[in-house]
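Here the structure comes first, spelled out in structure tokens, and everything after it is commentary.
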Number of protein chains: 2
Amino acid sequence: MARRRQSVTIKHVAADAGVSLQTVSRVINNEPNVRSAMKERVQASIDKLGYVPSIAAQRMSGSRSYIILAINDRDLTIADWRAREGRDWVDQMLLGGMLTCAEHGYRMLIELVDTHNDHVERELGAAIAALQPDGVILTPPNSENALITGLLAERGIPFARIGSMQEGPGIAMTMGDKHNARLATEHLIELGHERIGFIAGPADFSLSEWRIEGWQQAMKHGGLSHEGLFERGDFGFDSGAQAAGKLLDLDRPPTAIIASSDQMALATLEVARGRGLDIPKDLSLISFDNSPIVRFTQPALTAIDQPIAATTARAVELLIEARKRKPAERPVTLEGELVVRGSTAQAPALGAG
Amino acid sequence: MARRRQSVTIKHVAADAGVSLQTVSRVINNEPNVRSAMKERVQASIDKLGYVPSIAAQRMSGSRSYIILAINDRDLTIADWRAREGRDWVDQMLLGGMLTCAEHGYRMLIELVDTHNDHVERELGAAIAALQPDGVILTPPNSENALITGLLAERGIPFARIGSMQEGPGIAMTMGDKHNARLATEHLIELGHERIGFIAGPADFSLSEWRIEGWQQAMKHGGLSHEGLFERGDFGFDSGAQAAGKLLDLDRPPTAIIASSDQMALATLEVARGRGLDIPKDLSLISFDNSPIVRFTQPALTAIDQPIAATTARAVELLIEARKRKPAERPVTLEGELVVRGSTAQAPALGAG
DNA sequence: CTGAAAGCGCTAACAG
DNA sequence: CTGTTAGCGCTTTCAG
């Protein structure tokens, strides 16, 4: 294989336009001090020759790499891909991230990191050393992994922490979990439900707690008690089934359940069916992931749609800005929406059953 | 923002190990002429310092970029992402491609290219100039886009053409479409079906034609006629509905239909239902995409599973090898499998109805 | 088998 | 406002 060198370099452009390399560089990088006549002349040569700067060379001379790295948990991601159950959060991240990157001449690269392992630092460190990304996007539960955030901060790489409100280095971002949980709860209250159960996610996800807060607040605000209507799962199906079982075993079981993940919602659906309950007649159900799968159940599930694409897009923008302005201290929040489908209905008549 | 330089470079390692840069370079690249004692000493320093070579620098000095580029059609990909209907071929490509890349120290980067437009060359040329990928993976319908393959060949970049058997530059690869169509048809013949309809994809996809061949061959081989049982769609829902309608309008309609995409299969399901046909009792149905969605219909669809992940993985391997060995001339084929679910059943009794 | 020198394409820093 | 100089971190010659 022949050595593949840049076919047309900054030198060719400089020669063609009859200027110095530096001037061409200034035009490429849209720097101020260039006379517009000069700029046009150089641009003409660039267009004529079809010149595109080499990212590697740009990176080498100490400037940007034009790469944003999205760090995802290796095992979780692969498990989702292999399961082929339609979970599309990676796609949504790509949708928001890639397109926004492209608008600014950047690329987004996904990196799978084995975050359970204690050599996260080595793995992530290697990725950073190899790629020298201009910014990193962290998703839960990595967003609050001190090993990761510490490393990034130490190396001075701007990063966004999606699903984290902690203070400290990096841009904290949330998808409005508290608000979203409130939204779901209020929808049920409006439908006349008074006993609304909540199946939370694991405690090591901060967003699990925010959602609990949102639910509790909405309940209180509606003059309802949430006592005893709470269970916790791990986002997975089995844990959801167990939690749903406990809630439905109560002396006075809930007439509606909010589950913090699609899998736990699906499990709840199945458990309820197993007990002869009709959804939504006997039990209303809201899922906290609007993944494709919840549209194909019978009935389709009312769900909280998290703005994954929009949040990732915003993260990219903030990361790119970060090298100019110092990022804001306050957490950035993009709120989700409630998508109403067939799994929620008027609460069963009070005296009935 | 401080200039971010490589924290530990080849120089540090060389100094630490008390050897020249060159020797370190040789160890990194696993070159032959290094005494094993030397090698170990250098490796020890590398490990101690946590050194990882900078891809940008490696690329700069004329060697590999360690980047494999997967080119996808911009509009199609974005449409799928936005639709959120669980189509997961991008994920499957990532699954196969990223993991295999990682095994070899490469990264896979997705690039969305507006392939309809006639400035494909500029777009793709820019991506290549900027990234200098070591290999490119093309998916249909780009695999046979002469503008694209020509550009790649001209620049001497190894590339794989998935879904193409054409001769010429680049590694031709298929997912066994002919074989897969035969498989589906044979399954139906075994179930006693004699009139098996086929809804093909658009003619500008070579694989559409291969599937037709497979179906026709299996029919002939089973002593059956395929005359008049053929329709063509564009892979989309509406075209599928139209095609299904025509097939079911025949004087002697088919008792089974094979659709070349999940959307066309779904459309067929709906059209059949609309006519009061029960699936699979009155009509058996096979989808040609085993995307998550076909598992959630009632009944779940029997489908051809295309080895997207495996093919992408193989493509990556072949591309990486390509810079050593000259790639084989013959097309590389990985065949799909039939996943039997509830949409196929024994043919309705002959005299009945 | 190992080392020294040159340069990849680009930008930062400094002159003019 | 524009040009010159000196590297970035690595690999490729080519000597030893």
Side-chain angles (χ1 to χ4, degrees), chain A residues 1-42 45-46 49-66 105 126 128-132 134 323, chain B residues 1-42 46 49 51-66 105 126 128-132 134 323:
Chain A
M1 206 88 267
R3 288 263 294 305
R4 203 166 356 90
R5 294 230 123 83
Q6 199 81 340
S7 46
V8 33
T9 73
I10 198 170
K11 278 187 188 165
H12 300 118
V13 177
D16 185 84
V19 297
S20 72
L21 302 185
Q22 194 44 37
T23 303
V24 180
S25 174
R26 287 191 179 104
V27 173
I28 297 167
N29 295 295
N30 211 9
E31 279 170 31
N33 298 334
V34 187
R35 224 183 309 167
S36 62
M38 180 98 280
K39 199 165 178 172
E40 277 169 35
R41 180 145 62 101
V42 172
S45 293
I46 290 176
L49 301 176
Y51 165 71
V52 178
S54 152
I55 288 188
Q58 293 185 129
R59 169 60 236 159
M60 275 304 294
S61 46
S63 100
R64 290 151 295 182
S65 65
Y66 294 100
I128 287 172
L131 259 13
Q132 313 254 93
D134 287 339
R323 66 179 40 249
Chain B
M1 204 86 269
R3 287 264 295 306
R4 204 167 354 90
R5 297 230 121 85
Q6 198 85 341
S7 45
V8 29
T9 74
I10 198 170
K11 277 186 190 166
H12 300 116
V13 177
D16 184 85
V19 298
S20 72
L21 302 186
Q22 193 41 40
T23 303
V24 179
S25 174
R26 286 190 179 106
V27 172
I28 297 166
N29 295 295
N30 212 8
E31 280 170 29
N33 299 336
V34 187
R35 229 180 307 166
S36 62
M38 181 99 275
K39 199 166 180 171
E40 278 169 35
R41 181 147 61 101
V42 173
I46 290 177
L49 302 176
Y51 166 70
V52 178
S54 151
I55 289 188
Q58 292 187 128
R59 169 61 237 160
M60 274 304 295
S61 44
S63 97
R64 288 152 295 182
S65 66
Y66 293 99
I128 287 171
L131 259 14
Q132 313 253 94
D134 287 339
R323 66 181 37 247

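Please read all numbers here as calculations on a predicted model, not as lab measurements. Chain identifiers are assigned alphabetically (A, B, ...) following the order of the sequence lines, protein sequences preceding nucleic acid strands; residue numbering begins at 1 within each chain.
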query = For D:dT11, does either OP1 or OP2 sit under 4.0 Å from a side-chain N or O belonging to B:Q58?
reply = yes
task = When you get a sec, tell me which of C:dG9, C:dT11, C:dG7 is the closest nucleotide to the side chain of B:S61?
result = C:dG7
message = Using whole Å, what does the distance between atom P of nucleotide D:dT12 and atom CE of B:M60 come to?
response = 13 Å
inquiry  = Regarding C:dG3, can its base be found pairing with the side chain of B:R26 as donor and acceptor, where the two atoms are less than 3.5 Å apart?
reply    = yes
task = Figure out the NE2/P separation between B:H12 and D:dG9, and round it to whole Å.
result = 8 Å
key: Phosphate-side-chain proximity, A:Y51 and C:dC10, N/O vs OP1/OP2 below 4.0 Å   = yes
ask   = With sequence neighbours left out, what residues match B:K39 under side-chain hydrogen bond (donor to acceptor under 3.5 Å, both in side chains)?
value = B:N30
Between C:dA13 (P) and A:E31 (CD): distance, integer Å = 11 Å
Non-neighbouring partners of A:A126 that pass side-chain contact (heavy atoms from CB on, under 4.5 Å), sequence neighbours left out = B:V52
note = The reported gap from CD in B:Q58 to OG in B:S65 (rounded to nearest 0.5 angstrom) is 10.0 Å
ask   = Is there a side-chain polar atom (N or O) of A:T23 under 4.0 Å from OP1 or OP2 of D:dG3?
value = yes
task = List for me each residue that meets side-chain hydrogen bond (donor to acceptor under 3.5 Å, both in side chains) alongside A:T23, sequence neighbours excluded, and say none if there are none.
result = A:S20
key: Phosphate-side-chain proximity, B:R35 and C:dT2, N/O vs OP1/OP2 below 4.0 Å   = yes
note = Winner on side-chain proximity to A:M38, out of D:dT2, D:dG9, C:dC10, is D:dT2
inquiry  = List the residues meeting side-chain hydrogen bond (donor to acceptor under 3.5 Å, both in side chains) with B:R64, not counting sequence neighbours, and say none if there are none.
reply    = B:N29, B:Y66
task = From the options D:dT11, C:dT11, C:dG9, select the nucleotide whose nearest atom is closest to the side chain of A:N29.
result = C:dT11
ask   = Looking at five pairs on each end of the helix from C:dC1-D:dG16 to C:dG16-D:dC1, what is the angle between the two axes, given to 10 degrees?
value = 30°
message = Any residue in residues 13-21 of chain B with a heavy atom nearer than 4.0 angstrom to DNA chain D? Just list them by number, or reply none.
response = none
Phosphate contact (D:dC8 OP1 or OP2) by B:K11 side-chain N/O below 4.0 Å = yes
query = Starting at the 5' end of DNA chain C, which residue's closest nucleotide do you reach first, B:V34 or A:T9?
reply = B:V34
ask   = How many angstroms lie between atom CD1 of A:I46 and atom CZ of A:R41, to the nearest 0.5 angstrom?
value = 12.5 Å
query = In Å, rounded to the nearest 0.5 Å, how long is the span from CD1 of A:I28 to OH of A:Y51?
reply = 3.5 Å
inquiry  = Under the rule for side-chain contact (heavy atoms from CB on, under 4.5 Å), what residues qualify as partners of A:L21, not counting sequence neighbours?
reply    = A:I10, A:K11, A:A14
query = So which pairs with a foot in residues 25-36 of chain A pass salt bridge (charged side-chain N to carboxylate O under 4.0 Å, His left out), sequence neighbours left out?
reply = none
task = Please tell me which of the listed nucleotides, D:dG3, D:dC10, C:dC10, lies nearest to the side chain of A:Q22?
result = D:dG3
note = In whole angstroms, the gap separating P of C:dC10 from CZ of B:R59 amounts to 11 Å
